[in-house]
Amino acid sequence: MNVGDRVRVRTMNPPGHNRAPRYVRGHVGEVVRFVGDGRFPDESAVVGSAAHREDIVTVAFPSAELWGPDAHSGDRVHVDLFVSYLEQP
Amino acid sequence: MAYANDVGGMHGFGDLPEEHGPLFESVWEAQTFVLNQAFVAAGAYTLDEFRATMERIPPGEYYAMPYYERWLTALETLVGS
Amino acid sequence: MSADHHRNAELQARVNRLLDVAEARGVITRAGVDQRIEAFSDRVTARNGAEMIVRAWNSPEYRERLLADAGAAAAELGHVGGGFSSDIRLHAVANSAEVHNVIVCTLCSCYPVAWLGPPPAWYKSEAYRSRVVRDPRGVLAEFGLVVPDSTEVRVWDASAEARYIVVPERPEGAEALSEAEQVALVTRDCLIGTALPTVPARVREVT
C-alpha cells in the first residue's frame with residue numbers, strides 16, 4: 001500500500017473493538033501518508049500488549065464521498081487506518 | 001461496533017458547550033485523567049483495552065454520564081477498586 | 001448539600017479508592033498524581049505547541065523538521081511527548097492560503113496532551129466530534145472562523161495513535177514582534193484549527 005493508492009475501507013461490523021469509524025466504512029479514499037505501525041487495536045483490546053503490530057496509513061476522503069452532494073466540494077476528511085481495514089476499490 | 005462512542009457524522013448532539021472555565025471542573029476529573037495515564041504507563045492495560053471497556057457501557061448510560069465518569073467507570077472495571 | 005455537590009462527592013470517593021489501588025500497586029503515589037496535575041497548569045500546556053509554531057515561523061529549517069517529524073522537533077525545544085504510551089506520535093499539518101486544517105477524534109477524544117495539555121470540554125463533546133467531520137465550515141463559523149470557499153478544509157480524525165497539531169500561518173504584522181510576543185498569539189485553539197492567530201490592532205498600527 002503506497003501513497004497515492006486508492007483504497008476502500010472494508011464494509012464490516014465486528015462485535016468487538018475496532019478503530020475504523022463507521023462513517024468511512026465502504027468508502028473510497030486516497031492514501032496520503034504512511035504513519036508507522038501500531039498494536040492492532042481489535043486484538044489489543046482483548047489480549048493487551050501481546051497483540052500483533054500492523055501498519056497504519058492516513059487515508060483522505062473527499063467530503064462528498066462521505067456525506068453526499070451537500071458537502072463542500074474540495075474539502076477532505078483524513079482518517080488513520082490500519083491496513084487490514086482496507087481493500088482495493 | 002458501532003458503539004456509542006462512534007459519533008462521526010451523527011446528528012442531534014446540539015450546540016457546542018461553552019468553554020471558558022478550567023480544563024478540569026473538579027479534582028476527581030484531573031485525578032482520573034492522571035490515573036489512567038499512570039496505569040497505561042505501568043502496563044496494567046493498553047489504551048485499546050481502556051477504550052474497549054468504555055465502549056461497552058450501554059449507550060443510554062454512556063451518553064448520560066459526564067465525560068470523565070466514563071473514564072472512571074472503565075478504570076474501575078479494569079483495575080478493580 | 002446540593003445534588004451536584006453530593007454527586008461530586010460520590011465520584012470523588014470512587015476516585016479515592018482508585019488512588020489507593022494505584023498506590024498499593026506501586027503505580028503512582030498521591031503526591032505523584034498531584035505533581036502531574038500541577039504540571040498541566042505550568043509545564044504541560046498549549047504554550048509548548050505555540051513555541052514550536054513560532055520557531056517554525058522564524059526558521060525555515062525548523063519548519064521543515066517540524067513537518068517531517070513533529071515529535072523530534074518538539075523534543076528539540078525540550079517538549080518530550082508520548083510519555084505514557086510509546087505508540088503515540090505527533091504529526092504537524094500546515095495551513096496555507098489554499099488549505100485550512102482542523103483536528104478531531106471522532107471515536108474517543110485523542111488529543112496531543114503531551115504538547116498541548118489536556119483538551120477543552122468542547123473538544124471532547126459529542127457535539128464537536130459528530131459535526132466537525134460532516135460540517136467543518138459550520139463548526140468553524142461558530143468559533144468565528146469563516147473559511148473562504150476557495151480554501152480547502154482538511155479535517156484530521158485521529159483514529160490511530162497519531163496525534164495532530166495545526167501549524168497556522170504567521171499573521172501579517174507579527175514579524176515585528178519578539179518571539180515571546182508571537183508565542184502569545186498562538187492560542188490553544190489555533191493549534192486545534194478552530195482559530196487563527198491575530199495581531200492586535202494597536203500593534204499593527206505601529207508597524
Side-chain angles (χ1 to χ4, degrees), chain B residues 1-44 46-48 50-52 54-55 62-63 65-76 78-81, chain C residues 7-22 25-28 30 32-37 39-41 45 83-85 87-88 104-110 113 117-135 139 142-143 157 159 161 189:
Chain B
M1 261 294 197
Y3 292 99
N5 64 298
D6 189 1
V7 298
M10 280 174 73
H11 292 272
F13 286 112
D15 295 332
L16 301 178
E18 291 281 332
E19 168 71 25
H20 303 291
L23 296 174
F24 297 106
E25 284 176 33
S26 303
V27 178
W28 70 266
E29 295 184 337
Q31 290 170 332
T32 300
F33 188 88
V34 167
L35 278 172
N36 181 48
Q37 288 196 339
F39 276 112
V40 171
T46 62
L47 273 176
D48 293 307
F50 175 69
R51 294 183 185 121
M54 219 163 16
E55 288 162 13
Y62 182 94
Y63 290 127
M65 275 185 196
Y67 180 79
Y68 284 113
E69 188 181 349
R70 299 172 189 164
W71 285 44
L72 172 56
T73 303
L75 269 165
E76 288 171 336
L78 286 164
V79 304
S81 64
Chain C
R7 181 91 185 100
N8 219 36
E10 226 172 53
L11 290 160
Q12 183 64 61
R14 285 167 62 187
V15 175
N16 288 345
R17 285 193 286 275
L18 285 172
L19 287 164
D20 290 342
V21 172
R25 294 199 194 165
V27 169
I28 192 167
R30 288 208 180 213
V33 172
D34 291 346
Q35 274 171 19
R36 293 219 204 159
I37 294 171
F40 290 138
S41 50
T45 69
F84 75 105
S85 171
D87 276 354
I88 292 178
V104 65
C105 168
T106 61
L107 293 178
C108 42
S109 48
C110 297
V113 173
W122 60 260
Y123 182 87
K124 299 174 296 192
S125 69
E126 275 85 26
Y128 178 75
R129 288 161 44 214
S130 62
R131 274 179 59 207
V132 76
V133 285
R134 169 169 57 80
D135 179 23
V139 171
E142 283 181 33
F143 281 88
D157 185 353
S159 45
E161 298 302 13
D189 289 4

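Computation of the quantities below employed the complete heavy-atom set of this structure, encompassing side-chain atoms and omitting hydrogens, waters and symmetry-equivalent molecules. In what follows, chains carry the letters A, B, and so on, assigned in the order in which the sequence lines appear, proteins first and then strands, with residues in each chain numbered from 1.
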If you count heavy-atom pairs under 4.5 Å between each of B/His11, B/Arg70, B/Glu29 and chain C, which one has the most?
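Heavy-atom pair counts peak at B/His11.
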Against chain C, work out which of B/Ala30, B/Pro66, B/Gly43 has the most heavy-atom pairs shorter than 4.5 Å and name it.
B/Ala30
Identify which part of C/Ile28 has an atom lying under 4.5 Å from any heavy atom of chain B, answering side chain, backbone, both or neither.
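When you check distances to chain B, only side chain atoms of C/Ile28 fall under 4.5 Å.
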What part of C/Val33 is in contact with chain B, defined as an atom under 4.5 angstrom from a non-hydrogen atom: side chain, backbone, both or neither?
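Looking at C/Val33, backbone and side chain both touch chain B.
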In terms of heavy-atom proximity below 4.5 Å to chain C, should B/Leu16 be classed as side chain, backbone, both, or neither?
both
Structural part of B/Phe39 lying under 4.5 Å from a heavy atom of chain C
both
CD/C/Glu10: more than 12 non-hydrogen atoms of other groups inside 6.0 Å
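Count over threshold, so yes.
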Select, from C/Leu19, C/Asp135, C/Asp157, C/Val139, the one with the greatest count of heavy-atom pairs under 4.5 Å involving chain B.
C/Leu19
Closest-packed option against chain B by number of heavy-atom pairs under 4.5 Å, given C/Val27, C/Asp34, C/Asn16, C/Val133:
C/Val27
When rounded to the nearest 0.5 Å, the distance separating CZ of C/Arg131 from CD of C/Glu142 is 4.0 Å
Salt bridge B/Glu76-C/Arg17, side-chain N to carboxylate O under 4.0 Å
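No salt bridge links B/Glu76 with C/Arg17.
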Under a 3.5 Å cutoff, is there a donor and acceptor pairing between the side chains of C/Asn8 and C/Gln12?
no
Do the two ring centres, one from B/Phe33 and one from C/Phe40, sit under 6.0 Å apart?
yes
Do the non-hydrogen side-chain atoms of C/Asp20 and C/Arg30 ever get within less than 4.5 Å of each other?
yes
